Every structure is written in structure tokens, then in C-alpha cells.
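These notes are about the structure you will find just below.
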Amino acid sequence: MIIVMNRYAQDEHIQAVVDKIRAAGLSEHVSRGTERTIIGAVGDERVFSPDAFALMPGVERAMRVVKEYRIVSREVHPADSVVQVRGLSIGGPAIHVIAGPAAVETPEQMALSAQLVRQQGGKLLRGGAFKPRTSPYAFQGVGVEGLDILQQEARRQGLPMVSELLDVRLLDAFLEYDVDVIEIGARNMQNVGLLKEVGRINKPVILKRGPSSTLSEWLMAAEYIAAGGNHNIIFCERGVRSFETSYRNMLDLSSIAVMKRETHLPVMVDPSHAAGKAWMVPSLAKAALAAGADGLMLDIHPDPANAWCDGEQALNPAEFETLMQQLSVLATALGRNLA
Ligand code: PEP
Ligand code: MN
């Protein structure tokens, strides 16, 4: 913690700050300048909040030196972390594509989707059984039955499965159906109750970025999961709210560079929920890989025009095939490979 005294600070004000630091078991480093004095609190600064000093007489401001997120930060863990999912190493040199429909609809739709994902080199199958829709009157997902369908088709194709958990009360069902990667969606990024619960289990978690969240809020949300003991966290950028209306969200490519620097954990990108339009997905997907993403999450559908949810942003089988070919070439050019 660094405490900057204001220019009118008296010796007694400085002494009060020093006393407070010592009372907490830390030591002080006082630097007296010509205009103002700066005091460093040396030791574990987590015992203090900056407010503890900011409100004292003679103090101009107080700030932390170390980041509040620790477990997820690259500062404490410089090497890249790899999250293992059924034998896949996410966050290593290989780039992984998670693909599947926005929502699980029927066994036939999931069978076709799963087959397509495996044939085109996708490595994990996605499918929402519970959908967080903007309108309560929109299709909400088929529910627990969707987990059953997803599991059957994923296992048939030998693909790990990914599904979104909306509510802590459904965690047991997710464990019962052995969902391999639990997705915490953008709308729940700061649902701390949910974050704490998935922190207590050892299943890998994909934590999507909230549509209006800063990167520091995103990292702190991951720290909630990590603090509970679950370090198997994969970040997923999916675009943020902007003033532009011609697409659904603005894909924040800059966040990939910042996140790869700030955290050792894998960072993936979902271009489908950013674009909201299938025709935009290939350019965003390629840009994401070029920017350093460790993987992609893509909405695909065997028949987008008749999808029950988010059909507009789903790639059809031919579009998916073309994109996967391009991604493979790009991954090689980047010194990586499409797993
Ligand atoms: C999803 O992945 O289906 C989804 C709802 O994404 P997001 O939380 O990013 O909106
Ligand atoms: Mn969706």
C-alpha cells in the first residue's frame, strides 16, 4: 500500500499513518519530499483497504501496490496454465474449437450437430439446455432433458461437452450428467453465489465476460472461482455493449492481448455472440486467433433458419467447414495448430 500525504500534512498526521501500519504488523517506509511525504506500508497489504488511510487527516490518497486478483494473475504464476478436459490440453500450443448449437432442441438436431463438430475438427460440443433469454416469453431451453441429449450425442462422438449453468440449484444435475465444462454466461459473470459454488467443485469452468464488465472485474470474478479451490478456469471474451447497432456486441480484441498478459489461464473467444450475425463470424474468428486466443466457441446449427434460438448467428454446415479450413491454415501460420 502506498499512502500519499497532502502538502499540508503535519508530523502528527504522518505519525498516525505510521502507527496504523505498525498496529497491523507491517512496517513503514517514509519518503519525505520537498512538497509531500509518501509512505509505503511494507508487508501483506491485503489486511488493509485503501479507504482505511484515505479518510485520515493529512492523507491525499492511498492505493494498493499489488493487484487484488492473485491466483489468476500471471504475476504469481508466470507460465501459461493448461486446463485439462478429458485429455484435451486447453491453453497449450493447440487451439481448440468448441462448437454446437446455441440451444439443445431435439436428439436429431444434436446428433447432426455433434457429427458435424467431430467431422470438421471441433474438439468440444456445446449446447445450452437452459437459455438466459432477454425476454421471459422467449424459448428458455428444453431443461434437464437437454443435458441428457447433449451427453448422449457428445459421448457418441467422443467429444467433451460444454453447457451453461444458470442457477446454483441446477449444479447437481450438471454433475449428474457429467457436463465436462461448465459455462458461466455473460449475464452471470458477477453472480457471486454461482461463482463460489463452481469454485467448490473441480470441473473446468468457462467464464464469459459480462457485456459491460471491465477486465479487472472479469479477473476478479475468476478469482472468486479460484479462491474456492477450482483453478480450472477458461476465460471467454464475447463482446461488450457499445454504441454501434449494426451488430450485437463489439468484439473487444484488445482484451485478448491484455488478458494474455494479466492471467496465465487460457483465453478463448466467442465470435458468434459478439457478431450476432453468421456472416460476420469468420472474420471475427480469424481476428481472434491472430490476436492470441487459445480457442474459439462457435454457434453452429444443421439448419439455422429453423433454429429455436440464435439462428441468425449460427454457421450452417458449409460455412462451418470453410471456416475450419481457414482456421487450420491460420493456426499453422501462427505457430500453433488446430488440435
Ligand atoms: C451462450 O453461450 O449461449 C450464451 C448465452 O452466451 P453469452 O453468455 O456470451 O451471451
Ligand atoms: Mn446464445
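Source: prediction; values computed, not measured. Indexing begins at 1, ligand by ligand and atom by atom, following the structure's order.
- Numbered from 1 in the order shown, with element, the atoms of ligand 1 that lie under 4.0 Å from a heavy atom of G185 read 8 (O).
- Considering backbone and side-chain atoms alike, D270 places every N or O at 3.5 Å or more from each N or O of ligand 1.
- Near R238, the atoms of ligand 1 lying under 4.0 angstrom from a non-hydrogen atom of the residue are 7 (P), 9 (O), 10 (O).
- The cationic atom of K131 (NZ for Lys, CZ for Arg) does not lie both less than 6.0 Å from the six-membered ring centre of F139 and within 45° of the ring axis.
- Expressed to the nearest 0.5 Å, how far CZ of R118 lies from CD of E153 amounts to 11.5 Å.
- Nearest-residue assignment for atom 4 (C) of ligand 1 (options R126, R248, R209, H273; heavy-atom criterion): H273.
- Note: the hydrophobic cluster containing L330 also contains L253 (ILVMFWY, side chain heavy atoms under 4.5 Å, direct or indirect links).
- Checking only distances, E164 never comes within under 3.5 Å of ligand 1, N or O to N or O.
- Residue V66 is not grouped with residue V72 when hydrophobic side chains (ILVMFWY) are merged at heavy-atom distances under 4.5 angstrom, including chains of intermediate members.
- The atoms of ligand 1 that sit less than 4.0 Å from any heavy atom of A186 are 7 (P), 8 (O), 9 (O).
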For a quick test of your reading: what N or O donor-acceptor pairs under 3.5 Å do the side chains of residues 280-298 make, sequence neighbours left out?
residue, atom, partner, partner atom, Å
S283, OG, M280, O, 3.2
K286, NZ, Q326, OE1, 2.8
D294, OD1, K260, NZ, 3.4
D294, OD1, R336, NH2, 2.7
D294, OD2, K260, NZ, 2.7
D294, OD2, V267, N, 2.9

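- Near E183, the atoms of ligand 1 lying under 4.0 angstrom from a non-hydrogen atom of the residue are 1 (C), 2 (O), 4 (C), 6 (O).
- With respect to the salt-bridge test (charged N to carboxylate O, under 4.0 angstrom), the residues R70 and E223 do not qualify.
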